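Bear in mind that the values here come from a model prediction, so they are computed numbers and not experimental data. Sequential numbering from 1 along the given sequence is applied to the chain's residues.
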Amino acid sequence: MPNLTVDAEGPLTDDRARWASDAVRTAADAIEVAIQGKRRVIELVLATAIAGGHVLLEDVPGTGKTALARALAKSMHGTSSRIQFTPDLLPGDVTGITVYDQKQGVFEFHAGPIFANVVLADEINRASPKTQSALLEVMEEQQVTVDGRTHPVSNPFLVIATQNPVEQAGTYRLPEAQLDRFMIKTSIGYPDDAAMMRILQQVTHTPEVPTVMNVGSLTQLQQFVRSVYISPLIAEYITRLVEASRRASEVRLGASVRGALGLARMSAAWALVAGRNYVTPDDVRELATSVLAHRIVLEAEAEFDGVTAEVVIGQILLDTPIPQENGTA
């Protein structure tokens, strides 16, 4: 296993930024063994992980969502779990329950599948709103409260939730408060022809995803993200984009403050992936749709006319002036 450890103390120098980029690239190479031809999606998920966020994948079945979550956990030698959300799933099935031990005469907490480094919440929109809300506290504060007692989850902690955009019968639409807790929304999509050929050639021999780092390395990367420089002009640019999402005529509810913070953190993580210790306007522009589109609510008339949130964010990016600097201090 390559040596991917470095002291996280001190300023984020160019050498540290290059080390971080190499670490992410090595992890992406490992995950790509299981997910062929989806490099950008892999890097987006890794960037979300080091930014301390969560991912919502909206995709049809069979595109590799489960394989992506397992490969990510395997690459960093972490734990993973999969929760199949169904209408009869209860909150305790996610977070865990307190059970009375008759022999000891005490109540014991039995942890649920949420206690893992990488949690795949499969078809999250099939569970009832009550069960969906069980994720609100843990996604924001990395802890669960059961019977008045607080239990911290694993660190690092990443939720990869999926929903099927095709079969909507019997599903419960995620409320805005739930959607707002996902740092990005993206999709894996179908592989191209070349990637499909490689997948078919692996039918009889599934390659093993190598372990290239540990959870400590990922924690160091998360600390590095906090030291990436965001200039005042970049911060102002993010502010203008978010404010424009609230003023757009097609929008009923614009991006939240959490959305602005998410875009800043993701931009910092994306800069780190590129080996830089500062954010550029291109980082912000490249991630704005993935971070902001799922956070806005369109007017009914706009939806009826076929307008999508992605189109609105795209137009905002075209209309908002780009800062004339490269983001360096």
Side-chain angles (χ1 to χ4, degrees), residues 48 52-61 65-66 68-69 73 79-101 107-187 252-259 261-262 291 293-298 300 303 309:
T48 306
H54 307 284
V55 180
L56 177 61
L57 292 177
E58 188 171 78
D59 237 327
V60 296
K65 300 182 290 292
T66 303
L68 174 60
T79 58
S80 66
S81 64
R82 180 177 180 270
I83 308 171
Q84 182 63 55
F85 279 72
T86 56
D88 59 347
L89 193 73
L90 299 175
D93 297 329
V94 177
T95 60
I97 58 174
T98 301
V99 178
Y100 182 70
D101 188 336
F107 287 94
E108 292 184 348
F109 176 68
H110 289 206
I114 201 68
F115 288 84
N117 295 121
V118 181
V119 178
L120 177 65
D122 209 3
E123 294 189 288
I124 188 174
N125 56 332
R126 293 203 176 278
S128 67
K130 183 177 181 180
T131 301
Q132 291 176 5
S133 66
L135 290 174
L136 291 177
E137 178 188 11
V138 66
M139 290 176 64
E140 184 70 17
E141 303 175 23
Q142 296 193 13
Q143 65 181 29
V144 297
T145 303
V146 179
D147 294 334
R149 295 188 61 184
T150 299
H151 307 273
V153 296
S154 303
N155 183 35
F157 175 68
L158 170 69
V159 173
I160 301 179
T162 73
Q163 59 181 7
N164 186 348
V166 179
E167 298 175 0
Q168 293 297 320
T171 63
Y172 301 87
R173 180 175 177 176
L174 292 179
E176 282 68 33
Q178 183 89 29
L179 286 171
D180 203 31
R181 280 166 169 78
F182 289 100
M183 186 166 284
I184 69 165
K185 175 185 175 184
T186 186
S187 64
R252 177 162 55 92
L253 181 66
S256 65
V257 175
R258 186 184 284 116
L261 291 171
V291 175
H294 65 286
R295 303 175 190 269
I296 67 176
V297 179
L298 299 177
E303 289 186 298

Indicate the atoms forming the closest heavy-atom contact of [X] with [Y], along with that distance.
{"X": "Phe182", "Y": "Val159", "answer": "CE2-CG1, 4.4 Å"}
{"X": "Ala255", "Y": "Ile296", "answer": "N-CG2, 3.7 Å"}
{"X": "Ile83", "Y": "Val94", "answer": "CD1-CG1, 4.0 Å"}
{"X": "Thr95", "Y": "Ile114", "answer": "CA-CG2, 4.0 Å"}
{"X": "Phe85", "Y": "Leu135", "answer": "CZ-CD1, 4.0 Å"}

Do [X] and [Y] have side chains that get closer than 4.5 Å, going by heavy atoms?
{"X": "Val144", "Y": "Phe115", "result": "yes"}
{"X": "Thr98", "Y": "His110", "result": "no"}
{"X": "Asp122", "Y": "Ile124", "result": "no"}
{"X": "Arg295", "Y": "Leu179", "result": "no"}
{"X": "Val55", "Y": "Leu158", "result": "yes"}
{"X": "Leu56", "Y": "Ile184", "result": "no"}

Checking side-chain polar atoms at under 3.5 Å, does Gln84 have a donor or acceptor matched by the opposite partner on Glu123?
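Yes - a donor-acceptor pair under 3.5 Å links their side chains.
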Starting at CZ of Arg181, measure out to CG of Leu174 and round the result to the nearest 0.5 Å.
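Interatomic distance, Arg181 CZ to Leu174 CG, rounded to 0.5 Å: 12.0 Å.
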Can you name the side chain to side chain donor-acceptor pair (under 3.5 Å) partners of [X], sequence neighbours left out?
{"X": "Asp101", "answer": "none"}
{"X": "Glu140", "answer": "Arg258"}
{"X": "Ser256", "answer": "Asp180"}
{"X": "Glu176", "answer": "none"}

Please walk me through it: do Ile160 and Val118 pass side-chain contact (heavy atoms from CB on, under 4.5 Å)?
CA-CA 7 Å; Ile160 301 179; Val118 181; 4.1 Å; yes
When you measure from the side chain of Arg126 to the backbone N and O of Gln163, does any donor-acceptor pair fall under 3.5 Å?
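No: the side chain of Arg126 does not pair with the backbone of Gln163.
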I'd like to know if the side chain of Ser81 and the backbone of Pro113 have a donor-acceptor N/O pair within less than 3.5 Å.
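Flag set: sc Ser81 to bb Pro113 pair under 3.5 Å.
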All pairs passing side-chain hydrogen bond (donor to acceptor under 3.5 Å, both in side chains) where residues 129-139 contributes a residue, at least two apart:
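Counting only pairs at least two positions apart or across chains, the side-chain hydrogen bond (donor to acceptor under 3.5 Å, both in side chains) contacts touching residues 129-139 are Ser128-Thr131, Glu137-Gln143, Glu137-Thr145.
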Where do Leu57 and Thr186 land on the side-chain contact (heavy atoms from CB on, under 4.5 Å) test, with the steps shown first?
CA-CA 5 Å; Leu57 292 177; Thr186 186; 3.5 Å; yes
Pairwise ring-ring contact (aromatic ring centres under 6.0 Å, His included) hits with a residue in residues 116-160, at least two apart
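Every ring-ring contact (aromatic ring centres under 6.0 Å, His included) pair that includes a residue of residues 116-160, provided the two are not neighbours, is His54-Phe157, Phe109-His151.
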So, are Lys65 and Asp59 salt-bridged, with charged N and O less than 4.0 Å apart?
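No, Lys65 and Asp59 are not salt-bridged.
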